[in-house]
Asks: 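One structure, pasted below without further comment.
So you know, we letter chains A, B, ... as the sequences are listed, proteins then strands, and number each from 1. Heavy-atom basis, side chains included; hydrogens, waters and symmetry copies ignored. What you are looking at is a predicted structure, and each value in this text was computed from that prediction instead of being measured.
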Amino acid sequence: MNYWLMKSEPDVFGIDHLASRPKQTEHWDGVRNYQARNMLRDQMQVGDQVFFYHSNCKVPGIVGIAEIARAGYPDHTARNPDGKYYDPKSTAEKPIWYMVDVRLVRKLRRTISLEELKQRPELADMPLVRRGNRLSVMPVSLQEWEAILALE
DNA sequence: GCCAACGTTGGC
DNA sequence: GCCAACGTTGGC
């Protein structure tokens, strides 16, 4: 089992959007970064646990726990010419971009803010707290996972 | 809204 | 293959 952190803007798709979906499950589309793509496509497995992170908002931080409900499969939004995730280089035969399905496990009792995460020395190696990091999907070690949950 | 950091693009 | 220009991310 692997652990991950996935970022989303709450105004676009936040934890409450996920909670209101049928089966509290939704596909995670629109990732257009190769490093993140590789994780979606090659590493995420059904049952993996995910921290749901709110970015680009008033209090950025971890707001919930989700799990991978379906492993990587082609992101069909890349083939919709009318959508903002359209990529003409991606085809049905040779998809470039991938997505996974994510199911809500639970919301946290409170937001564990980025500010708080930055203060924990045991989390200093997380890409999340490093300056200039822009990865929207990143691995979390078991030690980091447990340290973060202990903050709740 | 600003802007630093970073990834991608494309000319050469 | 280098690297400047450009677009995007995301904290503040």
Asks: Report, one pair per line, the protein and nucleotides 2-5 of chain C atoms (nitrogen or oxygen only) whose separation is under 3.5 Å.
Replies:
none

Asks: Taking only the side-chain heavy atoms of A/K89 (C-beta and beyond), determine which of C/dC12, B/dT9, B/dT8 contains the nearest atom.
Replies: B/dT9
Asks: Take the protein atom CG of A/L5 and the nucleotide atom P of C/dT9, then report the distance between them rounded to whole Å.
Replies: 17 Å
Asks: Can A/E116 and A/R110 be counted as an ion pair, charged N to O under 4.0 angstrom?
Replies: yes
Asks: Respond yes when some side-chain nitrogen or oxygen of A/Y53 is under 4.0 Å from OP1 or OP2 of C/dT9, and no when none is.
Replies: no
Asks: Nearest whole angstrom, please: distance from the C1' of B/dG7 to the CZ of A/R130.
Replies: 19 Å
Asks: Please determine if A/K107 and A/D16 form a salt bridge, counting it only when a charged side-chain N lies under 4.0 Å from a carboxylate O.
Replies: yes
Asks: In whole Å, what is the span from the NE2 atom of A/H54 to the P atom of C/dG11?
Replies: 12 Å
Asks: A side-chain contact here means heavy atoms from C-beta on lying under 4.5 Å apart; do A/M44 and A/V137 qualify?
Replies: yes
Asks: Look at the side-chain N and O atoms of A/K7 and state whether any lies under 4.0 Å from the OP1 or OP2 oxygen of C/dT9.
Replies: no
Asks: With salt bridge (Lys or Arg N to Asp or Glu O under 4.0 Å) as the criterion, how do A/D125 and A/R130 come out once you've worked through the C-alpha distance, each side chain's angles and the decisive distance to 0.1 Å?
Replies: CA-CA 8 Å; A/D125 288 336; A/R130 306 294 265 263; 3.8 Å; yes
Asks: Rounded to whole Å, please give me the gap between CG in A/N133 and P in B/dG7.
Replies: 9 Å
Asks: Check A/D75 with A/R32, please: is the shortest side-chain N to carboxylate O separation under 4.0 Å?
Replies: yes
Asks: Charged N to carboxylate O below 4.0 Å: is that the case for A/E152 and A/R106?
Replies: yes
Asks: Mind checking A/K58 for me? I need base, sugar-phosphate or nothing, with any heavy atom below 4.0 Å counting as a touch.
Replies: nothing
Asks: Rounding to a whole Å, what distance do you find between A/L135:CG and C/dG11:P?
Replies: 13 Å
Asks: Expressed in angstrom and rounded to an integer, what is the separation of A/M126 atom CE from C/dG11 atom P?
Replies: 13 Å
Asks: Could you state the OH-C1' distance from A/Y34 to C/dT8, rounded to the nearest angstrom?
Replies: 15 Å
Asks: Grab the CG-C1' distance between A/L128 and C/dG11 for me, whole Å please.
Replies: 11 Å
Asks: Would a 4.5 Å heavy-atom cut-off, applied to side chains only, mark A/Y53 and A/S136 as touching?
Replies: no
Asks: Closest-nucleotide mapping onto DNA chain B: is A/N56 or A/G132 further toward the 5' terminus? I mean the 5' end.
Replies: A/N56
